[in-house]
Chemist: 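Shown below is the structure under consideration.
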Amino acid sequence: RRLLLGRHHRDSRPGGTGRPQGVRSATANGHRDGIMGPDLMGEMRAQAEKFGPEIIQGHVTNVDLAKRPFVVTTSDKTYTTEALIIATGASARLLGLPSERKLMGHGVSTCATCDGFFFRGHEIAVVGGGDSALEEATYLTRFASKVILIHRRDTLRASKVMQDRARANPKIAFRWNAEVESYLLDEQGYVNGILLKDTKTGATEKFPTGGVFVCAQESRMPDVSSTGQRHHDADLTASNRRTTSHALSTSSHSRRCARD
């Protein structure tokens with residue numbers, strides 16, 4: 001739709017933070033040998049610019065949908081528009097443990113395709129029980145000596161196909177009814193283990209690991225309320241990756257929420 005607006009010489013202004021929400025290698029049409037995520041994003045941006053839209057970098061702090069034209073407020077300026085597409089992508093949700101974000105790159109990761117190579121030969125842990133967790137765990141077996149999938153229940157949310165694939169992999173083991181209480185660090189400040197808590201008994205144990213990949217549910221798509229007013233919080237730039245591939249339309253024909 002950005003391209004359509006550009007072709008019709010209307011004021012089409014895609015906004016964004018300019019940050020990749022996920023850095024993954026992609027096998028895209030027209031790229032026989034695959035292409036890295038940032039490179040693909042650059043090509044997609046260049047294609048969009050070819051049709052004339054103005055791209056504005058900014059952090060949206062508020063959207064007023066209660067009146068026409070819609071009002072989009074950023075930290076620097078306010079814009080009005082007759083049509084609004086919300087497509088903010090997806091952001092991984094961490095476990096919420098102290099200093100967790102500071103440990104990104106020091107043994108904690110949310111992207112197996114980004115960081116799996118750095119854990120070659122190590123025994124690593126994957127936290128989660130959905131399709132994403134099992135997909136990451138299966139991919140990590142290319143590098144790790146062993147992958148332990150840690151899940152707080154004794155059943156998985158993942159699809160049967162993903163479960164069967166993971167269970168058939170000799171490098172994947174499961175640690176049921178457990179959740180991560182804290183990260184354990186070595187003298188250099190890198191993760192060398194985690195403290196696990198049994199969700200049934202409450203007992204804790206130290207679990208050595210060379211790295212932790214967090215695959216909790218991704219942050220949800222920004223919610224547009226029935227009154228048309230959307231207030232943004234700390235999770236503004238995060239939206240969930242829907243299992244359906246179609247866009248989710250709101251009650252207004254000029255307002256649309258879509259997955260990236």
Side-chain angles (χ1 to χ4, degrees), residues 1-8 10 12-60 72 74 83-94 101 104-105 108-120 126 128 130-144 159 161-162 165 211 213-222 235-249 256-260:
R1 284 180 173 77
R2 291 177 183 172
L3 302 183
L4 180 62
L5 290 173
R7 290 189 184 114
H8 283 81
R10 298 182 64 178
S12 170
R13 300 187 176 191
T17 63
R19 298 177 308 202
Q21 296 297 329
V23 183
R24 297 176 181 268
S25 58
T27 303
N29 290 337
H31 296 277
R32 182 187 61 185
D33 299 320
I35 181 173
M36 292 303 295
D39 297 330
L40 179 61
M41 291 167 61
E43 290 195 12
M44 294 173 71
R45 175 169 176 153
Q47 182 190 33
E49 290 174 333
K50 179 180 179 181
F51 294 96
E54 179 184 357
I55 297 180
I56 301 170
Q57 305 287 105
H59 183 79
V60 178
V72 179
T74 71
L84 177 64
I85 299 173
I86 301 174
T88 50
S91 179
R93 179 178 295 170
L94 296 175
R101 291 196 177 275
M104 298 291 286
V108 176
S109 176
T110 58
C111 178
T113 53
C114 308
D115 302 324
F117 175 82
F118 300 107
F119 295 87
R120 185 178 295 276
V126 172
D131 280 349
S132 294
L134 269 64
E135 182 179 2
E136 298 280 87
T138 301
Y139 179 83
L140 287 168
T141 58
R142 302 182 184 186
F143 310 103
S159 63
V161 171
M162 293 302 300
R165 184 180 303 171
F213 285 79
V214 180
C215 300
Q217 182 181 3
E218 291 179 327
S219 300
R220 294 183 296 177
M221 184 178 291
D235 289 329
L236 170 69
T237 59
S239 69
N240 74 324
R241 189 185 310 162
R242 299 293 187 183
T243 55
T244 54
S245 61
H246 63 279
L248 301 179
S249 178
R256 198 162 182 85
C257 298
R259 87 178 184 102
D260 243 356

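In this chain, residues are counted from 1 in sequence order. Hydrogens, waters and symmetry mates are skipped; everything else that's a heavy atom, side chains included, is used.
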Chemist: Does some side-chain heavy atom of Phe119 sit less than 4.5 Å from a side-chain heavy atom of Phe143?
Modeler: no

Chemist: For the residue pair Ala112 and Glu136, what are the closest heavy atoms and their distance?
Modeler: N-OE2, 2.9 Å

Chemist: Looking at CG of Leu134 and CZ of Arg165, how far apart are the two atoms once the value is rounded to the nearest 0.5 Å?
Modeler: 9.5 Å

Chemist: List the atom of Val72, the atom of Leu84, and the distance in Å for their closest heavy-atom pair.
Modeler: CG2-CD1, 4.1 Å

Chemist: For a quick test of reading the model, state the closest non-hydrogen atom pair linking Arg120 to Arg142 and the distance between them.
Modeler: NH1-O, 4.2 Å

Chemist: If you measure from SG on Cys114 to CZ on Phe213, what distance do you get to the nearest 0.5 Å?
Modeler: 9.0 Å

Chemist: Quick check for you: to the nearest 0.5 Å, what is the distance between Arg101 atom CZ and Thr110 atom OG1?
Modeler: 8.5 Å

Chemist: Of all the heavy-atom pairs spanning Ser109 and Asp115, show the shortest one and how long it is.
Modeler: OG-OD2, 2.5 Å

Chemist: What is the minimum heavy-atom distance between Ala133 and Val126, and which atoms define it?
Modeler: O-CG1, 3.7 Å

Chemist: Taking the side chain as C-beta and beyond, is there a heavy-atom pair between Ile55 and Glu49 under 4.5 Å?
Modeler: yes

